[in-house]
Amino acid sequence: MAEEKSLNFLEEIVENDLREGKHQTILTRFPPEPNGYLHIGHAKSICLNFGLALKYGGKTNLRFDDTNPVTEETEYVESIKNDIEWLGFRWANEFYASDYFEQLYEFAVKLIRKGLAYVDDSTSEAIAQQKGTPTQPGTNSPFRNRSVEENLQLFADMRAGKYSDGTKVLRAKVELPNGQSGMAHPNMHMRDPIIYRIKHAHHHRTGDAWCIYPMYDFAHGQSDSIEKITHSICTLEFVPHRALYDWFIENLEIYPSRQYEFARLNLTYTVMSKRKLLQLVNENHVSGWDDPRMPTLSGVRRRGYTPESLRDFCDRIGVAKRDNLIDVGLLEFCVREHLNKVALRRMVVFDPVKVVITNYPEGKTEMVSSENNPEDESTGVREIPFSRELYIEQEDFLENPPKKYFRLAPGQLVRLKSAYIIKCESVVKDANGNVTELHCTYIPESRSGSDTSGINVKGTLHWVSVAHAVKAEVRLYDRLFKVEDVADAEGDFKDHLNPDSLKVQTVFAEPDLLKAKADIRYQFMRKGYFVLDPDTTADRLVFNRTVTLRDMWSKSSKT
RNA sequence: UGUCCGAUGGUGUAAUGGUAGCACAGAAGAUUUUGGUUCUUUUAGUCAGGGUUCGAAUCCUUGUCGGACAACCA
């Protein structure tokens, strides 16, 4: 019997609605504004909206919330669609809030007719003034009591382009239950909110057809309603908007979509706001939106994260209404877990020291075979050239090793992965005392697969044959920020950038990596998971480190 | 000083009046031709006070703490 996973609060709501017959099926939507790139926080929302529909046999629309022409561009539309598909989801319909401009306009007219909206000539400063503060009630606009006819005419004139930007707006006219002006509403959003503003701007889809555009509050809920979205799921900062959301639906007498809010994702050692990410890009702290250190979907994709691991992550973090700060270690766990199963093992030496096997014939090369992935036999084996001169990692040799050091040391034995057991006989140093070569002997009968030596060694090292080594560039990434909770840290968030978040080095790889492909994941044995970067050219291989391997040794040896 | 939302191990997330569980992280051990993987074991929690109840993480109440809200942004 499979253990049943408990439901999150949204699943409970949906199951209740279905059980009580409130809905026969559910319809959700993912509503990005095309003014930036998607990040992991959006992935949580995408997995939630699409996941809920998938789980309960419903559908999900992709709807671009494109009501502000000055910040929105088609370029973003394309990247957003690409990211959602990459994550593995398919939308039922591709819609745009701008598809509904005409209908939204009619909704506004209806509100005016009902005496629930008015054209206001106040300046934006005056309107801000009228709003009051969270602790003080607002005051009425002097234009609040214009007649329906005048408002109708003025609003039509706004649409017709008779007024310049900022000179007039359409405002909802909210009344309190006791008949008093809504400007005294305890919820700031209910204090006669602006619902249409004049912007003589070119829209990415409607072009110059409009010079008035609806505000978010007058577009989102109505768009949900038009599409008959059953569950409109958004983040916590929209909680105070819900009263308005419902107010419009009620007064417009349209399909009652319902809004539900969950806590957005926060991750340690990074930032998750479009504004801050944009700043990192514009000020060249990163190479672009797809810099592998960025939490954008394009960034983590380039970094080598898989859609599977991201979906798993979103599944594990859960959904609730309390603020949270997820340990980025959980994300790393998810990607390691997936990559461990699919990545092909390869050997790459990062900081080489030469090993000369003194009893191995000069000029001889033999091929040893090694499994591509011990987790998946179907991936088969590959051949690796072995010869007299090899590179191993500098850190795999210590002249004076501590007690539980399983690697190479004078007189000590180690296994070279998929090849022979060797013994360190002597150390060659330069004038400065730096180790330049290790002279070793190998045990011929210890060959991998036909080992008759009877010797058991504790350590196994990766290596590459000097004569056959292929040079490559690796880009090693670390956390973008030095502090766990960047948003909570003192001062400007950029003060906390990690200066060592990127290290580039040239490494020596086994020749098979010449055949590396962008869609194949690799584990450089004992070093981490890597993926080919698009910067790769015909004569330069470039790899991004997705994540390191879990490393108990460095952890315990540090203390 | 207002309204709204929230508070469970280090981090997340369950338990819906009846044994506080799971995952990550941490620790210990076993296996291992990756100090990886895998497998055992293990540390650690209900914000505080009062109340209702046979019984409270859960209900009531007061308080404390955290967050959101005053863009012609979404």
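A note on names: the letters A, B, ... follow the listed sequences, proteins ahead of strands, and every chain is numbered from 1.
- Spacing between B/U32 and B/U46 at atom P, rounded to whole Å, works out to 42 Å.
- With sequence neighbours excluded, the residues that form a salt bridge (Lys or Arg N to Asp or Glu O under 4.0 Å) with A/Asp396 are A/Arg407, A/Arg526.
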Checklist outcome for this item: RNA chain B in dot-bracket form (Watson-Crick or G-U pairs under 3.5 Å, [ ] crossing, | inter-strand) is .((((((..((((....[..)))).(((((.......)))))....(((((..]....))))))))))).....
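- Here A/Glu261 lies out of heavy-atom contact (under 4.0 Å) with every strand.
- Residues satisfying the side-chain hydrogen bond (donor to acceptor under 3.5 Å, both in side chains) test with A/Gln412, not counting sequence neighbours, are none.
- Distance noted for atom C1' between B/A27 and B/A20: 22 Å (whole Å).
- Applying the side chain to side chain contact (heavy atoms under 4.5 Å, CB included) test to A/Val335 and every residue at least two apart in sequence or in another chain returns A/Tyr305, A/Ser309, A/Leu339, A/Thr546, A/Val547.
- Contact annotation for A/Phe333: backbone-only contact, meaning every heavy-atom pair under 4.0 Å involves sugar-phosphate atoms and none involves a base.
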Next on the checklist: Within the 4.0 Å limit for protein heavy atoms, which parts of nucleotides 62-74 of chain B are touched? Write it as a string from 5' to 3', B for base, S for sugar-phosphate only, - for none.
Outcome noted: -----SSSB-BSB
Checklist outcome for this item: With sugar-phosphate taken as primed atoms, P, OP1 and OP2 and all else as base, the protein-contact string of nucleotides 38-46 of chain B at under 4.0 Å (heavy atoms; B, S, -) is ---------
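- Among the atoms of the strands shown, none is found under 4.0 Å from any heavy atom of A/Gly36.
- Contacts of A/Phe64 with the nucleic acid, taken as non-hydrogen atoms under 4.0 Å apart, are absent.
- Nearest-nucleotide assignment on RNA chain B puts the 5′-proximal partner with A/Thr135, out of A/Thr135 and A/Gln523.
- Pairs of residues two or more places apart, or lying in two chains, that qualify as side-chain hydrogen bond (donor to acceptor under 3.5 Å, both in side chains) and include a residue from residues 191-200 of chain A are A/Tyr118-A/Asp192, A/Arg144-A/Asp192.
- To the nearest whole angstrom, the two C1' atoms, one in B/G10 and one in B/U37, are 26 Å apart.
- In terms of phosphate contacts, A/Arg316 brings no side-chain nitrogen or oxygen within less than 4.0 Å of OP1 or OP2 of B/A23.
- The base of B/U37 lies outside donor-acceptor range of the side chain of A/Arg336, with no N or O pair under 3.5 Å.
- Every residue meeting the salt bridge (Lys or Arg N to Asp or Glu O under 4.0 Å) condition with A/Lys81, not counting sequence neighbours, appears here in chain and number order: A/Glu94.
- Across all strands shown, A/Val319 has heavy atoms under 4.0 Å from sugar-phosphate atoms exclusively, and none from any base.
- Heavy atoms of A/Met552 sit under 4.0 angstrom from primed sugar atoms or phosphate atoms, though from no base atom.
- In this view, A/Leu7 and A/Glu11, A/Glu12, A/Glu15, A/Lys55, A/Tyr56 satisfy the side chain to side chain contact (heavy atoms under 4.5 Å, CB included) rule, not counting sequence neighbours.
- Both A/Asn324 and A/Leu330 lie close to RNA chain B; mapped to their nearest nucleotides by heavy-atom distance, the more 5′-ward contact belongs to A/Asn324.
- Atom CD of A/Glu337 has more than 12 neighbouring heavy atoms from other residues, nucleotides or ligands inside a 6.0 Å radius.
- Taking atom P in both B/U11 and B/U64, the straight-line distance is 23 Å, to the nearest Å.
- At the heavy-atom level, A/Leu461 lies nowhere under 4.0 Å from the strands shown.
- Here, B/U62 and B/A71 have their C1' atoms 38 Å apart, quoted to the whole Å.
- Among residues two or more places apart in sequence or in another chain, the side chain to side chain contact (heavy atoms under 4.5 Å, CB included) test is passed with A/Asp315 by A/Lys5.
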Item to check | salt bridge (charged side-chain N to carboxylate O under 4.0 Å, His left out) assessment of A/Arg63 paired with A/Asp99 | outcome: CA-CA 10 Å; A/Arg63 184 176 69 239; A/Asp99 293 340; over 6 Å; no
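- With sequence neighbours excluded, the residues satisfying salt bridge (Lys or Arg N to Asp or Glu O under 4.0 Å) with A/Lys162 are A/Asp157.
- Contacts of A/Asp512 classified as side chain to side chain contact (heavy atoms under 4.5 Å, CB included), with partners at least two apart in sequence or in another chain: A/Arg346, A/Arg382, A/Glu510, A/Lys515.
- Using a 4.0 Å heavy-atom criterion, one finds that A/Arg407 contacts the bases of the nucleic acid, with or without backbone contacts as well.
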